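As structure tokens, the structure follows; a few thoughts come after it.
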Amino acid sequence: MKICVTIAEKSLESAIEMARNVLSKSPDVIEIRFDMMDALPKDLEGFKDIRVAKIATVRLARQGGKFSGTDHERLEFFRKAIRSGFNIIDIESDSKILDKLAPIAEEIKIICSTHDFESTPSTSSIIETLIRNSSKADIAKAAFMVNSIRDLHAIFEAADGFRETGNDFVIIGMGELGILTRILSKKLGCAFTYASAEKGREIAPGQLDIDSLRFLGDAPIITGITGYPLSHTISPLLHNTAFKALHIPGIYLRFPAKANELEDFVNLIIDVDIRGINVTIPHKTEIMAFLDKLDESADCTGAVNTIANENGVLTGYNTDLHGVESTFEVNNIDPHGKSALVLGAGGAARACCTFLLRKGAEVYLINRSQERAMQLVDDLGGDINLIRLDDVRRHKFEIIVNCTPLGMKGFPDEDLIDPEIFSKDQFVFDVIYNPPKTRFLSEAEARGAKIASGLEMLISQAEKAFEIWTGRSPPRDVMLKSAMEALK
Ligand code: NAP
């Protein structure tokens, strides 16, 4: 992968200093964003001894830059930049000075670029844009804001289509969902990809720094999480910390997808060879229809939270089951012969019920929708007692587990159940880990119950998923430390 480091400093002096410093990281190209300076500099001699391919860019405000001067000023500035050793000029596709640059630019290359900070058009429109830009310059550049899985697909498809022309191009998906296009720029066929000189100096949404891109290399292990919404998840932090600690070139990204995008997302997993995916609320059961095989853990729970992609064959696992088991183990709770109430009937509830039934507990279940609860009971063998919220006080439970998102960051924080049901000698487990202590747990603790948050479950299910994808055991203590810091 070739990397162009973009330098966007306010002053000429700091841009030159940063350009000199970044040479130690061996960028293939550097880009100086002169429009970000307070004024276009008069003297560019300081760049002459910076021996690497250099792009001069003076981006207009309507294309995401800050320059508001005249075409004449820009043209004169580019002449000066070329005299000072800049060998690539970036100019917007609709600029009037594009034609005027060609005669003065015989020795240099021109990038003809298009930016859309709002959306990504269809595959065919992207290809048309690249063809148009390519006809006017040496390198066609197009950058689009990626708002959906479909947008991401369109960029990969368009790159596949345009690559056949043999012309140089750079295509970028902006935003969090577009990160994949930056990491896989070589696979896309891009001449190079853009990066910041260091973390915190990124200039475009979703841009990474050069060290992170070099760490990943040309064939990184790509993993991530899908669900909707994904604002609560700290799984990216856990897995990215593990990749770094083990020096494995890999990354874990967020892929927010709504139910009607799941099929597109599964196609993306195969098309771009995503090694592994975690599946979270609300897709843990729906995703199963798109998989080729189920591991025993997914088969017995009827829910998938982990997908492994081996050469296009997708296998579903349920590592939540391992997470539930581990939570009971570290809290020294043996559910055998105990009466246990599970709230919810989604993926997490399936893992909890499976574990509790296997251990010989007497399982009771409450769910908002009866239909989903009955489906769970049917799928797990029927040995579960469905009860109603009104009947809860008639029973005495030794174990209570919340498997709904009520109380989770971004969801309503209301009482799920009459708190008077909590008492001492009870084990109360909330699968939610963010926040670390939900209202549900605080109410239980106040009444003397032993409590556990979803943190142990989170770490254990992540460990297992990481092992499935990489064959390596992640460092649990490092993962736990990063999780605790993030949840402070
Ligand atoms: P899911 O499959 O979508 O199931 C959600 C369940 O919660 C459903 O039974 C749903 O009832 C119920 N529910 C949703 N909103 C509700 C509300 N406002 N009032 C009452 N019930 C409501 O989700 P999931 O994957 O099981 O996840 C559930 C929670 O567990 C999430 O907070 C998730 O982050 C957490 N989780 C944590 C871990 C961990 O490692 N700690 C692992 C897995 C899950 P209906 O059937 O009526 O819709």
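Numbering of residues begins at 1 and proceeds along the displayed sequence. One-based numbering, in listed order, for ligands and for the atoms of each. Just so it is clear, the model here is predicted, and its values are computed rather than measured. These values consider heavy atoms only, across backbone and side chains, with no hydrogens, waters or symmetry-generated copies.
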Which label fits [X] and [Y]: parallel for a plane angle under 30°, tilted from 30 to 60°, or perpendicular past 60°?
X	Y	value
W469	Y252	tilted
F117	H115	parallel
H232	Y433	tilted

For ligand 1, protein residues within the heavy-atom limit of under 4.0 Å are H232, I281, P282, K284, D320, G344, A345, G346, G347, A348, N367, R368, S369, R372, C403, T404, P405, L406, M408, V431, I432, Y433, G454, M457, L458, Q461
Check your understanding: How about F328 and F427: are their ring centres within less than 6.0 Å of each other?
Key ->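 That pair passes the under 6.0 Å test.
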Q.
Before you tell me yes or no, could you show the steps for F255 and I225 under side-chain contact (heavy atoms from CB on, under 4.5 Å), namely the whole-Å CA-CA distance, both residues' side-chain angles and the distance that decides it to 0.1 Å?
A. CA-CA 6 Å; F255 297 100; I225 183 165; over 6 Å; no
Applied to residues 317-335, the salt bridge (charged side-chain N to carboxylate O under 4.0 Å, His left out) test, sequence neighbours excluded, yields K284-D320
